[in-house]
There are 2 protein chains.
Amino acid sequence: MNGADRLCDTLLVNGVDVCFANPGTSEMHFVAALDRRPAMRCVLGLFEGVVTAAADGYARMAGKPAATLLHTGPGLANGLANLHNARRARTPVVNVVGDHAGYHLPFDAPLTTDIDSLARPMSHWLRRCTGPDDVGPAAEAAILAARTHPGVATLILPADSAWGGVDAPAEAVAASVPAPRAVPEERIAAAAAAIRGAGPRAGILLCHEGLRAGGLETAGRIAAATGARLFAPVQIPRIEAGLGRVPVTKIPYAIDLALACLADVDVLVLVGAPEPVAFFAYPNKPNRLLPEGARALVLAEPGEAIGDALSVLADRLGAGAPLEVARPAPLEGVAEGDLTDAALSRSIAMLMPEGAIVIDEGLTTARPVFDLLKGAPPHDYLMLTGGAIGMGPGAAAGAALASPGRKVVALQADGSGLYTVQGLWTQAREKLDVVTIVFSNRAYAILQREMRNVGVNEFGENARRMMQLDDPAVDWVSLANGFGVEGAAVETAEGFHAVLEYALNRDGEGPFLIEAVMA
Amino acid sequence: MNGADRLCDTLLVNGVDVCFANPGTSEMHFVAALDRRPAMRCVLGLFEGVVTAAADGYARMAGKPAATLLHTGPGLANGLANLHNARRARTPVVNVVGDHAGYHLPFDAPLTTDIDSLARPMSHWLRRCTGPDDVGPAAEAAILAARTHPGVATLILPADSAWGGVDAPAEAVAASVPAPRAVPEERIAAAAAAIRGAGPRAGILLCHEGLRAGGLETAGRIAAATGARLFAPVQIPRIEAGLGRVPVTKIPYAIDLALACLADVDVLVLVGAPEPVAFFAYPNKPNRLLPEGARALVLAEPGEAIGDALSVLADRLGAGAPLEVARPAPLEGVAEGDLTDAALSRSIAMLMPEGAIVIDEGLTTARPVFDLLKGAPPHDYLMLTGGAIGMGPGAAAGAALASPGRKVVALQADGSGLYTVQGLWTQAREKLDVVTIVFSNRAYAILQREMRNVGVNEFGENARRMMQLDDPAVDWVSLANGFGVEGAAVETAEGFHAVLEYALNRDGEGPFLIEAVMA
């Protein structure tokens, strides 16, 4: 048994049985060890950004981490943007990065880099194996860190730690994962007092367990009893939404809308979320989104027993009856003519099947969908969490792998989707039930808006060339076909509706892509 | 005038007039400033890995740096792999990375990361602008660092340094770039003594100026006078090769071949190259490629006056007449039948036009081309330098932009090309004269070889799924078309020859891609 074998056994005995991978020469012993263990499902990404996004999407749905397999510093670098999103989502990831054999590093071979320096900004936890006998303990520590922090645990695996023999190995044993830490009583008391004092000017910002059906139900009872309003962050890692679930107000992305959304809040209780701040700084606009003089106080942080804290808080506030939610009027009638944002948003909401998993990297498009879906059958809704675009194709693959039998609907901005378009291939190879809707506006539309915020309304040649994705326009159906994914392009509202209906009813036939050419 | 204006003016006055970009919100003021300066050519990449590879390819041919424009930590992260290649090639790059306004960083907004930690491993030089008035001096220092080190100079531009007003700005003035540092006399004397002592058991490992026509001519005279042998590194940043130029022996990639190549060398004089080491460590194989007991000694390092040092060394050794080079027999006859490595290598060498620029990321395929091209018309040959795959499509675009009127021929492994396939779009948009030949073996063939080196000859399901790019096979013509690039797939040797001839004679019509489906 070598270190790589030990790593695989430690992963498997701890329930980490999916490995998203793009290996290189320094990981050949790890690959050989994986090959000896058919219980591990190895999923190839054609680019590391796909690998890490898939690990993120997988764990958000599976509720447990996958492993990655990345090749030295450059391979890690390629995966960092989506590890950044996972870090912001507090997604557990066991991020395994191969490195040169330790004794080879002083020779500064071409692929040598400072992996620790690269990994640290996107990792909650970081450790480099010191030898074959250290691999088992280090892997166990990585899994524990990923699950309990929770977040990205990066394990650097030098080739000689992988290939070296392990002395007298005992059988790998599952680590006992401690229960989430209990929230201290004083925080619950302070939150209760603050909500009581502010009444309808109190807000509760929910995240993580607070946005699952149970947490939402509890938060709804608090709202019913106190008048407090329920919010979700600008970028939601995962929410259980739809009919029968307590609806929340998502804080908008655009700074002026975000400020308006929170204008009437005197006190904001943070339940697993940080205090909301402006996504970017703008000259003469505030950093914080809460009104001046308003305060934020923490009830619970990620890794703590968020659901329990909400329940105790509800009891403390005498919350009893569930929040009464008016049933939204059903959406009826298919739009015709130009494929506008409003038209496609309505169709998406009307057709969303029960149990769907929405991956939202729509950015400037389909913003109405989140609210329209409050009247749709129960579903999960996952968003880009760190602002590092290019999460969609990989995250959709990962979520689908974690959720057999459920339909994944990826809302995909075109500019962002192009970052990791290779993820379509993984969807095809794994025959995943993903319907991707590409919003083809052929521009970095978000930047065009931001340029106007900067005061530039007339774009010259250089600005145009950096923000328009035309000349030539990307043919998404051709790209999808190139990666083995069926697809269709549509240019009318009724055409979009019909093709989306077809795609959503197409079961067990693998992924499908719709290029929605926007009016 | 704001800091961003100052940055643009400083770049332009110093001859940096191409900016490869993928901007985000924090760079909107920089974009607006670029938009006010039509003298700057802004080139969009649909992914940052394309941007940085293009900056590398551009500077290798232009002999001066381009600027990049990357968006915060994740944007930089996406570009790091190809900055790594640039760093290993010692390519000058002015790498501009936008960041949040300084006063926004403490709020830890979603896109906040430790950019310095991410940038350091891939940068020769790193500086963060401290305010609008610091932008001009910092940009000048970055340009100087990129040119004199030479290498990757990373300049972090916080949004408030870009948008803030500059006090009493004087006109930007070109920095005076110091001449390359002279090589100390003792190194020249030591190299002369070593070469004299070892005779035909002396080797000269050339890089940078040593691999340009002039340096090669000088090295050839030394070889003629002393019997010393001339080598080039495993991965060559740029060599001027073909008929009329002094040929060199390229050290092979595979460790056993590399060891054999240098087996008869007692002393190796390093001319701009580091001592050759194994690309990876392998159990029971050496780290260094020189035989035990052999020594390496440095004549010149990058940033020093390499050509001058070679000339003085030649004088010292009494070198006079040029090296006589036997003219290789012309290649004749087109292969037929299966499209083998040998067949396509011959066709590529036979058809290579004068003045071509070869971008070699062929990895396991087309290895014979380098030597076959010794009989081809004069051309430049650029290789992947850091082992971070995915350089090809972007580097080809950058090299073409720097070299109007010359044909760029990209030799592209399929797995590597998929990393940054978005680069094809930049080739299409800029209507660049690039012919890409994708070696479609539908596998990470290099890893299959390395697995055998590890002792695994029978691949199970997991190994197969991590190394085969089939199921589904990627349709490269469809991908190319999706990005606006014409293409054709061929499966026979004669078909390949005919299509390559067509593509190379297709002038001024933009890029073309050939998928060579390997036998």
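Every chain is numbered from 1 and lettered A, B, ... according to where its sequence line falls, protein lines coming before strand lines.
Of the two parts of A/Leu469, the backbone and the side chain both hold a non-hydrogen atom closer than 4.5 Å to a non-hydrogen atom of chain B. Only the side chain of A/Tyr444 comes within less than 4.5 Å of a heavy atom in chain B; its backbone stays farther off. If you measure heavy-atom distances from A/Asp160 to chain B, you find no contacts under 4.5 Å at all. For chain B, the nearby parts of A/Ala428 are the backbone and the side chain; heavy atoms of each come within less than 4.5 Å. Contact annotation for A/Gln448: neither backbone nor side-chain heavy atoms come within less than 4.5 Å of a heavy atom of chain B.
Salt-bridge check for A/Asp108 with B/Arg88: passed, with a basic side-chain N closer than 4.0 Å to an acidic carboxylate O. Classification of B/Asp35 and A/Arg464 as a salt-bridged pair fails, no side-chain N sitting under 4.0 Å from a carboxylate O.
Between B/Met467 and A/Val31, some side-chain heavy-atom pair lies under the 4.5 Å cut-off. Taking the side chain as every heavy atom from C-beta outward, B/Phe47 and A/Leu418 never approach each other to under 4.5 Å.
Without hydrogens or angle criteria, B/Arg288 side chain to A/Phe107 main chain gives no donor-acceptor distance under 3.5 Å. Checking side-chain atoms of B/Trp425 against main-chain N and O of A/Val474 turns up no donor-acceptor pair under 3.5 Å. Without hydrogens or angle criteria, A/His84 side chain to B/Gly73 main chain gives no donor-acceptor distance under 3.5 Å. A donor-acceptor pair under 3.5 Å is formed between the side chain of B/Ser117 and the backbone N or O of A/Ser117. When atom types are taken as modelled, the side chain of B/Ser478 and the backbone of A/Ser478 share a donor-acceptor pair closer than 3.5 angstrom.
Every residue meeting the side chain to side chain contact (heavy atoms under 4.5 Å, CB included) condition with B/Asp116, not counting sequence neighbours, appears here in chain and number order: B/Asp114, B/Arg120, B/Leu126, B/Arg128, B/Ile156. With sequence neighbours excluded, the residues that form a side chain to side chain contact (heavy atoms under 4.5 Å, CB included) with A/Arg36 are A/Asn2, A/Asp5, A/Ala32, A/Ala33.
Scanning all heavy atoms of the two residues, the minimum distance from B/Phe279 to A/Pro110 falls at CE1-CG, 3.4 Å. The nearest pair of heavy atoms linking A/Trp163 to B/Tyr282 is CH2-C, 4.1 Å.
Put simply, of B/Glu450, B/Arg41, B/Gln235, the one with the most heavy-atom pairs under 4.5 Å next to chain A is B/Glu450. Per-residue counts of heavy-atom pairs under 4.5 Å with chain A were compared for B/Glu27, B/His71, B/Met466, B/Gln422; the largest is that of B/Met466. Most heavy-atom pairs under 4.5 Å with chain A: of the set B/Gly386, B/Gly484, B/Ala388, this distinction falls to B/Gly386.
Between B/Phe280 and A/His100, the ring planes are tilted. Angles from 30° to 60° get that label.
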